[in-house]
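Only one structure is covered here, and it is reproduced in the block below.
Numbered from 1 within each chain, the chains take letters A, B, ... in sequence-line order. Quick note: numbers below take in every heavy atom, side chains included, and nothing from hydrogens, waters or symmetry partners. Since this is a predicted model, take the numbers as computed values, not measurements.
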Amino acid sequence: MPRDVWLIFRRDLVLSLRNPAWIFIQIMQPLLYLVLFGPLMEKMVANTPGFPPGDVWQIFTPALIVMIALFGSSFVGFGLLADYRNGVIERLRVTPVSRVALLLGKVLLNALQALVQAILLITLAVLAFDLRAPVGGVVLGLVIVALLSVTMASASYALALTLKSEEAFPALLNAVLLPVLLLSGILLPITTGLAPSWLYTISRINPFTHVVEAERASFRGEFTMDALFTGSVVLLALAALAVFWGTRTFRRENA
Amino acid sequence: MIKARGLARRFSARGRTVEAVKGVDIDVAEGELVGFLGPNGAGKTTTLRMLTTLLRPTAGEATVGGCDLLADPLGVRQRIGYVAQGGGTAPECKVGEEMELQGRLYGLSKAEAHRRGAELAEQLDLAGLGQRLTKTLSGGQRRRLDIALGLIHDPKLVFFDEPTTGLDPQSRANLWEHIRRLRAEHGVTLFLTTHYLDEADALCDRILVIDSGRIVAEGSPDALKARVSGDGVEIGLEPDSVTAAAEVVTALDGAHDVSVVDGTVRFRVPRGDTAMPELLRALDAKDIPMLSMQVHRPTLDDVFLTLTGRTLRDAEEGGEVATDAA
Ligand SMILES: Nc1ncnc2c1ncn2[C@@H]1O[C@H](COP(=O)(O)OP(=O)(O)OP(=O)(O)O)[C@@H](O)[C@H]1O
Ligand SMILES: [Mg+2]
């Protein structure tokens with residue numbers, strides 16, 4: 001099994017290194033938010049009550065690296081659809097390779113890609129905007145990003161193989177991701193001090209809100225039960241569900 | 001090596017149901033080279049995908065390579081090689097990488113995978129292409145790569161879905177040679193689909209003819225041809241003398257299945273060569289001029305016609321066989 005995971009991981013790694021543009025294309029959006037939107041928020045955060053603790057970069061950077069995992073890993077199903085059309089999936093499914101390995105090999109590479117992008121973004125935030133965050137917090141933040149990426153990528157593969165449509169797949173993703181982005185308080189935190197109560201209530205139901213909050217807490221160095229517990233539990237549950245869904249789809253006889 | 005009973009598969013999509021395979025029995029002994037012959041949409045690929053664990057049958061059971069299809073799909077996968085009709089290479093991958101990955105997924109070491117890859121590249125005319133991206137290969141080269149990938153782990157049972165489609169005559173002959181050698185030198189059992197009659201005729205010990213999801217005939221190429229009674233004769237005439245000629249033909253000793261199409265009369269006789277002089281004399285006596293004449297030994301095309309009432313070509317033009325769900 002680990003050998004099969006490694007074989008699939010390495011194949012995808014070789015393919016992605018053959019075309020390294022992805023690192024920059026995928027990171028473009030969060031990067032633009034950091035550079036063009038972040039500075040705008042600086043005074044606003046300082047003068048408006050209701051924001052979470054910390055300065056603007058401590059609030060904004062962790063949210064943007066969550067965004068990397070959220071968006072960057074959600075569209076990986078496209079590549080799988082291409083493999084499906086080319087018959088690569090069938091070719092792999094007819095070999096004795098474990099179906100779980102087929103998924104995990106791919107998903108782990110997606111997590112690595114998200115990590116590379118997150119590290120780039122954090123480095124830029126530290127160098128250009130004086131982001132201050134404890135090393136331990138950044139490391140924990142990266143673990144969260146990796147897990148979230150695993151979640152989104154697994155779900156993306158499962159969804160792509162279920163829909164098997166290059167039109168329906170991105171349409172559905174966009175329809176889901178925009179409200180998720182707005183409701184998780186990535187751009188503007190949704191706190192009781194800032195949001196009307198109905199909006200606050202909806203945002204609490206969105207599981208990604210809790211992930212963003214845990215990420216912010218770890219960048220502040222706040223390693224308390226209170227700050228991290230909900231986010232971690234939610235994320236672990238989401239990851240387990242997504243990987244289960246993904247392997248089931250790969251295993252199903254008529255994928 | 002293969003034993004299937006009542007294997008069937010139904011597809012439902014958007015309220016439409018397609019009975020792609022309607023219960024087939026297949027027996028293939030070790031070392032046999034069996035052809036699966038049928039027009040487009042007959043259910044060949046669907047049957048192969050069921051036998052190779054890619055598709056769950058809606059009914060029926062099978063053992064493949066000694067393992068039960070449903071109970072031990074992993075055992076089946078370890079014992080077979082499969083080359084899909086549409087191939088299965090990633091455009092951005094190098095030929096050498098695909099071979100290595102494929103070999104290693106079957107449990108070969110890196111060195112073994114390379115050795116087998118080089119061996120197959122040599123045999124299948126792919127030598128020197130290892131560093132090329134598969135998207136830069138010609139159609140025929142890519143097809144031969146598909147075949148190499150299916151054979152990388154030296155399987156004892158191989159499924160080929162239309163292996164020679166898209167190959168030029170030279171590569172096709174080459175591949176036939178390769179397939180015969182696989183059987184002769186390595187005792188490999190082969191099950192291949194084709195809609196080329198000449199291919200089934202030239203290659204296979206035994207042929208299963210499938211039409212609309214059912215096996216309609218089975219036997220050696222010669223045995224199948226023997227089911228068509230006699231040689232086919234086709235004569236070309238002036239359009240106004242066709243009817244008169246048809247009467248002459250009908251009166252001919254042993255002639256049957258007489259049909260008239262445009263300016264030609266077709267019929268069968270037990271011995272075409274001896275019937276000809278007699279026919280010529282009879283036509284001459286009535287002053288009917290003959291423009292052309294063809295006698296042919298029965299082919300698998302005739303077999304198909306006899307069995308289904310359609311030529312293989314008609315069947316293909318007819319397209320898919322679908323039934324609307326009630
Ligand atoms: N996944 C699917 N969903 C719906 N219908 C399908 C599916 N796969 C095959 N069919 C239908 O099942 C029938 C048999 O198809 P199959 O691919 O087995 O034919 P075939 O004999 O391989 O034809 P060809 O010579 O064109 O390859 C066809 O009518 C086809 O449209
Ligand atoms: Mg087919």
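- Annotation: B:Lys156, atom NZ; neighbour count of heavy atoms from other residues, nucleotides and ligands within 6.0 Å is above 12.
- Side-chain contact between B:Arg104 and A:Val97: absent, with no pair of heavy atoms (C-beta onward) separated by less than 4.5 Å.
- For the pair A:Arg93 (side chain) and B:Leu54 (backbone), a donor-acceptor distance under 3.5 Å is present.
- By number of non-hydrogen pairs under 4.5 angstrom with chain A, the leading residue of B:Cys93, B:Gly86, B:Gly107 is B:Cys93.
- Contacts of B:Glu97 with chain A are made by side-chain atoms alone, with heavy-atom separations under 4.5 Å and no backbone atom involved.
- Your options are B:Thr52, B:Leu74, B:Thr89, and the one with the most heavy-atom pairs under 4.5 Å with chain A is B:Thr89.
- Within a 6.0 Å sphere centred on CZ of A:Phe244, other residues, nucleotides and ligands contribute 12 heavy atoms or fewer.
- In B:Glu122, the CD atom is not crowded: 12 or fewer heavy atoms of neighbouring residues, nucleotides or ligands sit closer than 6.0 Å.
- Nearest heavy atom pair, residue A:Ile8 against residue B:Leu105, reads CD1-CD2, 4.4 Å.
- Both the backbone and the side chain of A:Leu7 come within contact range of chain B, each with at least one heavy atom under 4.5 Å from a heavy atom of that chain.
- Distance check, rounded to the nearest 0.5 Å: CZ of B:Arg77 to OG1 of A:Thr95 gives 8.0 Å.
- Note: A:Pro96 leads A:Pro96, A:Ala101, A:Ser98 in heavy-atom pairs under 4.5 Å with chain B.
- Counting heavy atoms from C-beta on, the side chains of A:Arg18 and B:Leu133 come closer than 4.5 Å.
- Atom CZ of A:Arg3 has more than 12 heavy atoms from other residues, nucleotides or ligands within 6.0 Å.
- Counting heavy-atom neighbours within 6.0 Å of B:Arg132 CZ, excluding the residue itself, gives a total above 12.
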Pair B:Tyr82-A:Glu90, side chain to side chain contact (heavy atoms under 4.5 Å, CB included): steps then yes or no: CA-CA 10 Å; B:Tyr82 172 60; A:Glu90 284 230 333; 4.2 Å; yes
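- For chain A, the nearby parts of B:Glu98 are the backbone and the side chain; heavy atoms of each come within less than 4.5 Å.
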From CA spacing to verdict: side chain to side chain contact (heavy atoms under 4.5 Å, CB included), B:Lys94, A:Leu15: CA-CA 10 Å; B:Lys94 290 181 182 164; A:Leu15 284 179; over 6 Å; no
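- By the neighbour-count criterion of 12 heavy atoms within 6.0 Å, atom CD of B:Glu119 is densely surrounded, having more than that number from other residues, nucleotides or ligands.
- Interface residue A:Arg10: only side-chain heavy atoms are found under 4.5 Å from chain B.
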